[in-house]
Asker: 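The structure is given below, and queries will be raised subsequently.
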Amino acid sequence: MNSPAYLDTRSLLIVAVAMAVLMGLVSLLFGSLKRGTQALRLWGWSLLVFALGMGLVALRGRVPDLVGVVIADTILFAAAIPMLRSLHSFHAAPDRDVPGWLLVALGFVLITVSSLVRPDNTARIVAFSAIVALQYFRIAGYLFSTLPRQGRLPQVFTAAVIASFGASSAARVVLTLTAGKIDDLYQPSHVQSVSVLAYIVILVAATLGVMWMALQAARDELAESELRLTEAQRLAHIGNWTLDHRRNALTWSDEIYRIFEIDKQASPASYGAFLNAVHPDDRQRVDAVFANSLKTRCPYQIIHRLLLADGRVKHVQEQCESVFDSEGKPLRSIGTVQDVSERVMKDLALRESEERFRTIADYTFGWEYWLGTNGELLYVNAACERISGYSQAEFRADPGLIRRIVHAEDRPAYEEHLQHVYGPEGVQLEFRIVTRTGELRWIAHGCRAVFAPDGRPLGRRISNRDITDLKAAEEHARQLAFFDSLTKLPNRRMLLDRLNHDLAQARRFGRPMAVMFLDLDHFKETNDTLGHDAGDCLLREMAGRLATCVRAGDTVSRPGGDEFVIVLPEIAHAQAAAVAGKVLDAIRQPVRIADHLITVTASIGIAIREAHAEDDAADLMKQADIAMYQAKQAGRNGYRVFAATGA
């Protein structure tokens, strides 16, 4: 009877299913425990798919042939797809496997034809074994093609096992073809039994090979991660250490040895070696900080110095945290050491630079301050109080005070200059401020933007100089140059400037104007009789009276002596005569000088420029002078208007 062999073949298939499920679950479990082993998870799912196909084959005769043959074999073909995907994940290769799916489709067609359309177990076994051989030769070929130059034993082993799987399937094709027609899939056959046993052995070996590859990949990843960490520590000049308090074992990274400039082989890591490397002046402080951290169970951070064997000094920043058990005993301390010598030296140089700046600024005569990008006051020297009346503390508490004390008339120009402070040249400006006591002071304001080495704006530095005295001197010089020192009226230079200006306006708009030449009558006698001081008082009084007789845009000047010239724009003959009468009336009023009451008269000559005349300043001055002498000849205390034919 054939039944024992029939049961043995089915039993072997069941064992194969069980082993596939077991290997699949082990792969999934191993893949979930190991970080980054997606390959094992995909391999595990492929084995479960393989087990499903093998299980359907084992149930042939108890399920319809459509399920037991066509679907079962198609599932077995498709199980190679996730297997190859799992191996792709070791090399980050694309997951799409078009040839594999084409083989699945081809196998489905062949099995369908041989099992349903034209039942033939021999053809079915040959077609199945050929497709399986092609699939697994493809997988083995991929593994061999992706071998690194030096080769990797786990990948070589796995590739060889999977290639043997393909070879056993190819051998099954040959043996099936030579065995003759097979009426029943489970008929007694060494080919069937050996094939199933080979599947079981190869299945286990391939799974072990993939696990080996995953383990090697994890080791490679860990080694690469450690290399990246070492390089990162080298570039950042930062090392890490771990102290196991239970074993009193201290571990340093390679970068700590480089920072301390200690030979790793000659001087193993120890707390004593660490303290010996610390600068003697910092050693007690560093030891106390670590001890206090263990006592208080708090992390710490400290910057201290190292004294190297050749006498050089390094600055390092150390950070540490400790782990304690439930009773408060330290279990492990972990920390970092970073070489911050360059940063410390830069900070020291910056502090020295700032100190020099503060020293210079504090003792300079000008008012110096530094505003940040948000308007905050970063620095102000003591000169601010001498110039503005407000103290450093008041400006620090209220930086907006700097703007508010700017004179209202000058504030628009001040606000405008703030729009240009970040230009390349800075800004220079003069304006007035109102001090605490209400006094007006002129300020020469220099403003320049400050930038960090990387181009970031840091605010602006300002230098304010008190130029009130300079402005007063300039005004005094202007008064001397353009105004009569006795009466404060415009002198001859200013008179001619204004006369020319008014003439230009008259020509442009075709308007008339008048010039009056006034001379005080008998002033010399008054001066000789009462003295020069009295004469000066009389001239000042007359100047004030003349100013009240004219409009704001008119010019009253004193070219010299007892002579006055009045320029009247936009005035014709009749209006000029009215002004002259008003002036004569004002001058006739008695003047009290000391104990004397004096009455003075004047002679006025008027030159009229008609709207479209071509007279220039010299012509008008000459005409007014002639008319004034005509007024004197007529008996004084009156006026005459110049006429070309006479007055």
Asker: Do Tyr390 and Asp398 make a side-chain contact, defined as non-hydrogen atoms from C-beta onward lying under 4.5 Å apart?
Answerer: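 When only atoms from C-beta onward are counted, Asp398 and Tyr390 do not touch, as no gap falls below 4.5 Å.
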
Asker: Under 3.5 Å, is there a donor-acceptor pair between the Asp287 and Tyr271 side chains?
Answerer: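 Checked: Asp287/Tyr271 side chains pair up, N/O donor to acceptor below 3.5 Å.
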
Asker: Is it the case that more than 12 heavy atoms not belonging to Asn248 sit under 6.0 Å from its CG atom?
Answerer: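 No, CG of Asn248 has 12 or fewer neighbouring heavy atoms, counting only those of other groups under 6.0 Å.
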
Asker: Whether Arg396 and Glu394 form a salt bridge (side-chain N of Lys/Arg under 4.0 Å from carboxylate O of Asp/Glu) is what I want to check.
Answerer: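 No.
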
Asker: Find out whether Glu368 and Arg461 are in side-chain contact, i.e. whether some heavy atom of one side chain is under 4.5 Å from a heavy atom of the other.
Answerer: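 No - every pair of side-chain heavy atoms lies 4.5 Å or more apart.
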
Asker: In Å and rounded to the nearest 0.5 Å, what is the OG to NE2 distance from Ser485 to His476?
Answerer: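 Taking OG in Ser485 and NE2 in His476, the distance rounds to 9.0 Å.
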
Asker: Please report the shortest heavy-atom distance between His315 and Ser341, naming the atom on each side.
Answerer: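 Here His315 and Ser341 meet closest at N-OG, 2.8 Å.
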
Asker: Closest heavy-atom contact between Leu308 and Glu261?
Answerer: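 Looking at all heavy atoms of both residues, the closest pair is CD1-OE2, 3.4 Å.
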
Asker: So which heavy atom on Ile256 is nearest to which on Asn240, and how close?
Answerer: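 Residues Ile256 and Asn240, closest heavy atoms: CD1-O, 3.3 Å.
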
Asker: Side chains of Glu255 and Ile238, heavy atoms from C-beta outward: is any pair under 4.5 Å?
Answerer: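 No, too far: nothing below the 4.5 Å cut-off.
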
Asker: Please round to the nearest 0.5 Å and tell me the distance separating atom CH2 of Trp442 and atom NE2 of His407.
Answerer: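 Reported value, rounded in 0.5 Å steps: 9.0 Å.
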
Asker: Hey, is CD on Glu342 packed in by over 12 heavy atoms from elsewhere, all under 6.0 Å?
Answerer: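 Result for CD/Glu342: open.
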
Asker: Should Asp282 and Arg305 count as an ion pair when the cut-off is N to O under 4.0 Å?
Answerer: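 So Asp282 pairs with Arg305 through a salt bridge.
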
Asker: Looking at Val567, is its backbone amide N or carbonyl O close enough to the side chain of Arg498 to form a donor-acceptor pair, meaning the two atoms are under 3.5 Å apart?
Answerer: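 No: the side chain of Arg498 does not pair with the backbone of Val567.
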
Asker: Quick one: does Asn527's side chain get under 4.5 Å of Leu538's, heavy atoms only?
Answerer: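 No, their side chains stay 4.5 Å or more apart.
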
Asker: If only atom types and distance count, is the side chain of Arg283 paired as donor or acceptor with the main-chain N or O of Leu275 below 3.5 Å?
Answerer: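 Yes.
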
Asker: Near Arg540 CZ, under 6.0 Å, is it more than 12 heavy atoms from other residues, nucleotides or ligands?
Answerer: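 Check passes, neighbour count above 12.
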
Asker: Can you tell me if Arg551 has over 12 outside heavy atoms packed within less than 6.0 Å of its CZ?
Answerer: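 Yes, CZ of Arg551 has more than 12 neighbouring heavy atoms, counting only those of other groups under 6.0 Å.
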
Asker: So do Val286 and Phe274 actually touch side chain to side chain, heavy atoms under 4.5 Å?
Answerer: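 Counting from C-beta outward, Phe274 and Val286 do come under 4.5 Å.
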
Asker: What orientation do His417 and His445 show, parallel under 30°, tilted 30 to 60°, or perpendicular over 60°?
Answerer: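 His417 and His445: perpendicular rings.
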
Asker: Assert yes or no for the condition that the ring centre distance of Trp252 to Phe260 is strictly below 6.0 Å.
Answerer: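 Yes, close enough.
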
Asker: Taking side chain as C-beta onward, heavy atoms only, is Gln317 less than 4.5 Å from Gln301?
Answerer: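 When only atoms from C-beta onward are counted, Gln301 and Gln317 do touch, with a gap below 4.5 Å.
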
Asker: How long is the straight-line distance from CE of Met516 back to OG1 of Thr555, given to the nearest 0.5 Å?
Answerer: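 The OG1 atom of Thr555 sits 13.0 Å away from the CE atom of Met516.
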
Asker: Would you give the length of the straight line joining atom CZ of Phe482 to atom CG of Leu496, rounded to the nearest 0.5 angstrom?
Answerer: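 Between Phe482 CZ and Leu496 CG, I get 11.5 Å after rounding to 0.5 Å.
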
Asker: Between Asp619 (side chain only) and Arg609 (backbone N and O only), is there a donor and an acceptor less than 3.5 Å apart?
Answerer: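 No: the side chain of Asp619 does not pair with the backbone of Arg609.
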
Asker: In a check of ring-ring contact (aromatic ring centres under 6.0 Å, His included) between Phe395 and each of Trp370, Trp367, Tyr369, which one passes?
Answerer: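 Exactly one pass, corresponding to Trp367.
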
Asker: So, for Ile571 and Ala576, which heavy atoms are closest and what is the spacing to 0.1 Å?
Answerer: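 Distance-wise, the nearest heavy atoms are CG2-N, 3.4 Å.
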
Asker: For atom CZ of Arg465, decide whether the heavy atoms of other residues, nucleotides or ligands shown that lie under 6.0 angstrom number more than 12.
Answerer: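 At most 12 heavy atoms, drawn from other residues, nucleotides or ligands, come within 6.0 Å of this atom.
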
Asker: What's the verdict on side chain to side chain contact (heavy atoms under 4.5 Å, CB included) for Gln338 and Glu318, showing C-alpha distance, side-chain angles and the deciding distance?
Answerer: CA-CA 6 Å; Gln338 183 177 15; Glu318 184 184 347; over 6 Å; no

Asker: Do the side chains of Asp410 and Arg432 get close enough for a salt bridge, i.e. N-O under 4.0 angstrom?
Answerer: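 Yes, Asp410 and Arg432 are salt-bridged.
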
Asker: Set out, in order, the CA-CA distance, both residues' side-chain angles and the distance that settles side chain to side chain contact (heavy atoms under 4.5 Å, CB included) for Asn491 and Ser557, then state yes or no.
Answerer: CA-CA 6 Å; Asn491 60 14; Ser557 65; over 6 Å; no

Asker: Evaluate the side-chain proximity of Val316 to Ile303: yes if any heavy-atom separation is below 4.5 Å, no if none is.
Answerer: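 Of all side-chain heavy-atom pairs linking Val316 with Ile303, none is under 4.5 Å.
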
Asker: Begin from the C-alpha positions of Glu415 and Arg411 and carry the test salt bridge (charged side-chain N to carboxylate O under 4.0 Å, His left out) through to its verdict.
Answerer: CA-CA 6 Å; Glu415 297 292 340; Arg411 200 167 294 157; 5.7 Å; no

Asker: Counting only heavy atoms not in Glu376 (residues, nucleotides, ligands), do more than 12 fall under 6.0 Å from its CD?
Answerer: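 Yes - once you tally the heavy atoms of other residues, nucleotides and ligands closer than 6.0 Å, there are more than 12.
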
Asker: For Arg493, does the CZ atom have more than 12 heavy-atom neighbours from other residues, nucleotides or ligands under 6.0 Å away?
Answerer: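 Not more than 12 within 6.0 Å, no.
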
Asker: So, the side chain of Arg460 versus the backbone of Ala449: is there a donor-acceptor pair under 3.5 Å, distance only?
Answerer: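 No; zero donor-acceptor contacts below 3.5 Å.
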
Asker: So, are Lys622 and Asp625 salt-bridged, with charged N and O less than 4.0 Å apart?
Answerer: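 Judged by the 4.0 Å cut-off on N to carboxylate O distance, Lys622 and Asp625 do not form a salt bridge.
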
Asker: Take a 6.0 Å sphere around CZ of Arg507 and say whether it holds more than 12 heavy atoms from other residues, nucleotides or ligands.
Answerer: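 Check passes, neighbour count above 12.
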
Asker: Looking at every non-hydrogen atom in both residues, tell me the closest pair between Ala273 and Pro268 and how far apart they are.
Answerer: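 Heavy atoms only, the tightest pair is CB-O, 4.2 Å.
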
Asker: Are Lys264 and Asp254 packed together at the side-chain level, in the sense that at least one heavy-atom pair is separated by less than 4.5 angstrom?
Answerer: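 Yes - at least one pair of side-chain heavy atoms lies under 4.5 Å apart.
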
Asker: Locate the shortest heavy-atom distance separating Leu429 from Tyr414; write the atom from each residue and the value.
Answerer: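 Taking every non-hydrogen atom into account, CD2-CA, 3.8 Å.
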
Asker: Quick check for you: to the nearest 0.5 Å, what is the distance between Ile387 atom CD1 and Thr468 atom OG1?
Answerer: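 The distance works out to 8.5 Å.
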
Asker: Do the side chain of Ser388 and the main chain of Thr435 share a donor and acceptor less than 3.5 angstrom apart?
Answerer: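 Checked: no pair found.
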
Asker: How long is the gap from CD on Glu439 to CD1 on Ile433, to the nearest 0.5 Å?
Answerer: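 Rounded to the nearest 0.5 Å, the CD-CD1 separation comes to 9.0 Å.
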
Asker: Could you walk me through whether His304 and Val278 pass side chain to side chain contact (heavy atoms under 4.5 Å, CB included), step by step?
Answerer: CA-CA 8 Å; His304 60 83; Val278 176; 3.9 Å; yes

Asker: Could you tell me whether a side-chain N or O of Arg558 sits under 3.5 Å from a main-chain N or O of Gly561, the two making a donor and an acceptor?
Answerer: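 The answer is yes, because a donor-acceptor pair under 3.5 Å joins these two groups.
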
Asker: Start with the C-alpha distance between Leu620 and Leu503, add both sets of side-chain angles, then the distance that settles side chain to side chain contact (heavy atoms under 4.5 Å, CB included), and finish with yes or no.
Answerer: CA-CA 10 Å; Leu620 290 175; Leu503 269 172; 3.7 Å; yes

